[in-house]
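Values in this document were obtained by computation on a predicted structure and should not be read as measured data. Letters A, B, ... mirror the listed sequences (proteins, then strands); counts begin at 1.
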There are 2 protein chains.
Amino acid sequence: MTEFEKGPRGQRRGRGARERIVSASQQLFRDQGINRTGMNEVCAAAQVSKRTAYQHFASKDELVAEYLRRFDPDVMPGVFDRADLSPRERLLAAFAMPASTPLCPYIAAAVELHDPEHPASQYARDYKTAIAARLTETAREAGARNPEQLGEQLALLIDGAAARTRVLNHDSFPTAAAIAAVLIDNAIPAAPSEQSSDDRRAPGSAPVPIGG
Amino acid sequence: MTEFEKGPRGQRRGRGARERIVSASQQLFRDQGINRTGMNEVCAAAQVSKRTAYQHFASKDELVAEYLRRFDPDVMPGVFDRADLSPRERLLAAFAMPASTPLCPYIAAAVELHDPEHPASQYARDYKTAIAARLTETAREAGARNPEQLGEQLALLIDGAAARTRVLNHDSFPTAAAIAAVLIDNAIPAAPSEQSSDDRRAPGSAPVPIGG
DNA sequence: TATTAAGTACACCGATCTGTTTACGTAACG
DNA sequence: CGTTACGTAAACAGATCGGTGTACTTAATA
């Protein structure tokens, strides 16, 4: 059966190869960019022959797509899966990304590839849409007046922080988090000033609509 | 002196060449990306021989730097120079970019070049800093409580809208403008209601500090 | 043992890109 | 006229890149 593991007969091949290739591209594409990283370099880093690499991925484009796809299977870990946090806290947690978090490879890929039809570009759109959807969902849980709007706004803040951090080489997520706090407080009726364990809403007050 | 114009003995050269090269790179770099546009293509579009191009620009990197530098000599025309607008209106005007406006070549360049030391990357940082400074200045005029903070926040919104527009292929500036309106209203004490949809604020409620 | 699946090492192809060089053209000016 | 400055056109150099082809190795299986 060969199990496709390092298993019975493989000395160091089999399971390792594909994994190593993807893993190497993660680091190289992120650190050096996609266009500036050749397949030779990826193969060398993965300790895999070029032949093998092209047996696992028909083209570099496929590897790039897989590189993005594998990046974050469950969207933004440590944010939406934190059942111990209130919805509001979860929304804010999206802006407390650790510095080690890679800087939005989706934006980078979309810019570098420069082709909206590229599978990686399409996946970048899907990912961004998924993020916004999750934010919207959480905003709804938090009792936001217009969850779609708040979700979209928070997503924009995340992208802004990522882009700005990249260009300025200076962490902009705190600024984004501050804005997020304002938006959240404005969007949730009778927002309890700080961490809200319960969010009852004040029905009557017509607060500031965020336009659109 | 040869005036650097079409000049004494130039038949149709001189002033045209450099201008045409920069102009061609504007369009090509923006439409196709920097890395995907070769010098041959630029020269062809500029109707200039390669020899001449490399006489005006020692390298492609220099041309790229000039491409960014020439992009917007006075930062964001139609925004800060609109003396007929109130400071608050000027702040909001920054989010009403016409669709024809090129989509943040600075972010694109920083990502594409992928080298923070590249002169173009440095210029991108300078440009972004200049934008934030202008926004801060205008925020101060508008009477914002913390102009630096508001300026930085609005700058982040602009970058977020640009990045998101690029990735999603969908104009995100309206969303950013809506956020901006909220931030501005929150940051300016007793905001006099301009023609904004509404900005009356519950009078007694202390406005939410935007925290830093 | 023979086969087969998987992999390595490495040369190679064709395309593309930056940048240079060569050969030639042309117009102003002495 | 000839020189000189400036320009074109096009070949070329050198590098890199994506991707392939070939020959060899290794180890499990029939």
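- Axis angle, first five pairs versus last five pairs of the helix from C:dT1-D:dA30 to C:dG30-D:dC1: 30°, rounded to 10°.
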List the atom pairs, donor and acceptor, that lie under 3.5 Å between side-chain atoms in residues 168-182 of chain B and the rest of the protein, sequence neighbours left out.
| unit_1 | atom_1 | unit_2 | atom_2 | d |
| --- | --- | --- | --- | --- |
| B:Asp171 | OD1 | B:Phe173 | N | 2.9 |
| B:Ser172 | OG | B:His170 | O | 3.4 |

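- Rounded to an integer number of Å, the gap from CG of B:Leu113 to C1' of C:dC17 is 15 Å.
- Summarising the geometry, the separation between CG on A:Asp61 and P on D:dG18 is reported as 10 Å, rounded to the nearest angstrom.
- Taking the side-chain hydrogen bond (donor to acceptor under 3.5 Å, both in side chains) definition, one finds that B:Glu141 meets it with B:Arg90, sequence neighbours left out.
- Residue A:His56 contributes atom NE2, which lies 9 Å from atom P of C:dA6 at whole-angstrom precision.
- Partners of A:Lys50 according to the salt bridge (charged side-chain N to carboxylate O under 4.0 Å, His left out) rule, which considers only residues two or more places apart in sequence or in another chain, do not exist here.
- Scored by the side-chain hydrogen bond (donor to acceptor under 3.5 Å, both in side chains) test, B:Asp115 finds no partners at all (sequence neighbours excluded).
- Here D:dA9 is the nucleotide among C:dT8, C:dG19, D:dA9 with the atom lying nearest to any side-chain atom of B:Ser49.
- Taking 4.0 angstrom as the limit, A:Ser59 places none of its side-chain polar atoms (N or O) nearer than this to OP1 or OP2 of D:dG18.
- What separates OH of A:Tyr54 from C1' of C:dC10 is a distance of 15 Å, to the nearest Å.
- For B:Glu152, the side-chain hydrogen bond (donor to acceptor under 3.5 Å, both in side chains) partners two or more places apart in sequence, or in a different chain, are A:Arg164.
- Going from atom CG of B:Asn40 over to atom P of C:dT18 covers 7 Å, rounded to whole Å.
- Between A:Glu62 atom CD and D:dG18 atom C1' the separation is 14 Å, expressed in whole Å.
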Identify all pairs in which a protein N or O lies below 3.5 Å from an N or O of nucleotides 21-23 of chain D, and state each distance.
| unit_1 | atom_1 | unit_2 | atom_2 | d |
| --- | --- | --- | --- | --- |
| D:dG21 | N7 | A:Arg51 | NE | 3.0 |
| D:dT22 | O4 | A:Arg51 | NE | 3.4 |

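- A:Glu41 comes within 4.0 angstrom of nothing in the nucleic acid, heavy atoms only.
- Cation-pi geometry between B:Arg18 and B:Phe57 is satisfied (NZ or CZ under 6.0 Å from the ring centre, within 45° of the ring normal).
- Looking at A:Gln32 and A:Glu41, their side chains do bring a donor and an acceptor atom within 3.5 Å of each other.
- Across the protein-nucleic acid pair, B:Ile34 atom CD1 and C:dC17 atom C1' stand 15 Å apart, rounded to whole Å.
- Scored by the salt bridge (charged side-chain N to carboxylate O under 4.0 Å, His left out) test, B:Arg82 finds B:Asp84 as partners (sequence neighbours excluded).
- Put simply, CD1 on B:Ile21 is 12 Å from C1' on D:dG7, counting in whole angstrom units.
- Every residue was checked against the salt bridge (charged side-chain N to carboxylate O under 4.0 Å, His left out) condition with A:Arg36, not counting sequence neighbours, and none meets it.
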